[in-house]
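Here the structure comes first, spelled out in structure tokens, and everything after it is commentary.
Worth saying up front: this structure is predicted, and the values here are computed from it rather than measured. Just so you know, ligand 1 is whichever comes first in the structure, and atom 1 is the first atom listed for that ligand.
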Amino acid sequence: MTHWIKFLGTAGARFVMIRQLRSSAGVWYHLNGMNILVDPGPGTLVKCASSRPRLDPTKLDVIILTHKHIDHSTDVNVMIEAMTDGGFRSRGRLFAPRDALEGDPVILQYVRSFPEELIVLQPESAYDLADRVTLRTSPRHIHPVETYGLRFELPDRVIGHLVDTAYFDDLVTAYAGVDVLILHVVRFSGEGDEEKGIQHLNLGDAEKIIAAVKPRLAVLTHFGMTMLKARPWELAQQLTDRLGIKVVAANDGMQLNLDEW
Ligand SMILES: [Zn+2]
Ligand SMILES: [Zn+2]
């Protein structure tokens with residue numbers, strides 16, 4: 001396999017995380033020989049060690065924090081230590097939004113000098129990852145903290161990772177042309193979300209985006225309680241039938257061979 005993704009965790013809201021109904025570990029990408037970890041939430045280091053085959057965090061090249069929420073960032077410091085052999089070997093790159101470093105920072109001061117480079121994410125920007133992968137950020141998502149979605153552009157395919165956000169029309173443009181689209185679908189229905197200030201996609205939003213973007217494969221993940229209760233695998237099958245686009249629901253530990261898409 002040249003390119004693959006492993007979903008170490010698929011939890012997407014406080015109660016699913018706190019009760020570990022699904023794991024809250026991050027997503028590990030292997031693209032063109034590079035190991036890229038996105039959003040190391042609680043349990044990421046443990047899941048790397050318990051994965052079969054084991055994922056070796058000292059082999060990471062890039063760690064990306066899409067935003068500072070605790071379910072995305074708890075293990076970021078320990079993963080930076082792991083990537084850099086406890087800080088003794090300067091290597092790898094760390095990408096994070098500005099507010100993960102300021103105010104009440106989730107990235108501790110002492111680990112910031114460990115990676116070769118610390119890059120502050122900007123909206124709609126492209127970053128060259130060792131000439132092998134281009135990382136492109138989305139416009140800032142609508143979410144309580146500074147949040148960016150990701151596009152990984154390879155010579156032969158594009159992978160989109162649409163993380164936490166409320167729906168807005170520009171999302172469709174931001175993720176246009178991707179072959180595989182990963183979506184964080186926290187809510188089953190959006191009823192009452194606006195009044196409660198909940199800024200997450202619901203299943204209807206996801207359907208609208210998938211229908212407009214038309215990826216070859218869509219992967220639903222980051223499930224809240226209402227999604228889990230509604231059986232995400234059945235919902236994914238229903239979307240596949242309705243849209244004529246393959247949609248799957250991620251499971252903890254699911255490895256996706258991107259060469260097939
Ligand atoms: Zn989240
Ligand atoms: Zn969030």
Side-chain angles (χ1 to χ4, degrees), residues 5-29 36-45 47 63-77 79 95-107 120-121 123 137-150 160-168 170-171 174-175 181-190 192-194 196-206 209 218-230 232 235 249-252 254:
I5 308 176
K6 187 147 190 171
F7 293 85
L8 297 171
T10 55
R14 268 188 197 79
F15 301 110
V16 177
M17 171 190 69
I18 291 166
R19 294 163 65 185
Q20 289 289 297
L21 298 174
R22 293 277 184 119
S23 158
S24 49
V27 177
W28 185 300
Y29 283 85
I36 301 167
L37 179 65
V38 175
D39 287 351
T44 300
L45 181 62
K47 278 286 174 187
I63 297 174
I64 304 170
L65 211 58
T66 66
H67 66 295
K68 68 184 277 187
H69 275 159
I70 203 160
D71 57 322
H72 296 252
S73 67
T74 309
D75 272 12
V76 70
N77 295 295
M79 295 312 293
F95 292 85
R98 171 79 57 197
D99 73 354
L101 300 157
E102 291 176 351
D104 189 10
V106 295
I107 297 171
V120 177
L121 286 172
T137 51
S138 71
R140 184 174 170 163
H141 281 187
I142 300 175
H143 205 52
V145 297
E146 192 179 352
T147 305
Y148 301 106
L150 312 169
H161 195 147
L162 200 172
V163 301
D164 301 13
T165 185
Y167 178 84
F168 58 104
D170 280 351
L171 284 172
Y175 296 91
L181 180 60
I182 295 159
L183 300 105
H184 286 195
V185 188
V186 174
R187 312 279 294 166
F188 175 62
S189 114
D193 282 3
E194 210 173 318
K196 284 184 243 160
I198 293 172
Q199 296 178 321
H200 277 299
L201 294 183
N202 58 61
L203 189 69
D205 297 328
I209 294 165
V219 183
L220 315 181
T221 187
H222 212 60
F223 304 122
M225 200 68 98
T226 56
M227 276 297 289
L228 280 189
K229 281 192 179 138
L235 301 172
N251 288 312
D252 290 349
M254 182 175 96

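With hydrogens and angles disregarded, no donor-acceptor distance shorter than 3.5 Å links the side chain of Ser24 to the backbone of Met17. Of the possible polar contacts, none joining the Glu102 side chain to the Asp99 backbone as a donor-acceptor pair under 3.5 Å is found.
Residues that satisfy the salt bridge (Lys or Arg N to Asp or Glu O under 4.0 Å) test with Arg22, not counting sequence neighbours, are absent from this structure.
The count of protein N, O or S atoms under 2.8 Å from the Zn ion (ligand 1) stands at 4, with waters excluded from the count.
Residues His67 and His141 keep their aromatic ring centres 6.0 Å or farther apart. His72 and His222 have their aromatic ring centers within a separation under 6.0 angstrom.
Aromatic ring orientation, His143 versus His69: perpendicular (interplanar angle above 60°, classes split at 30° and 60°).
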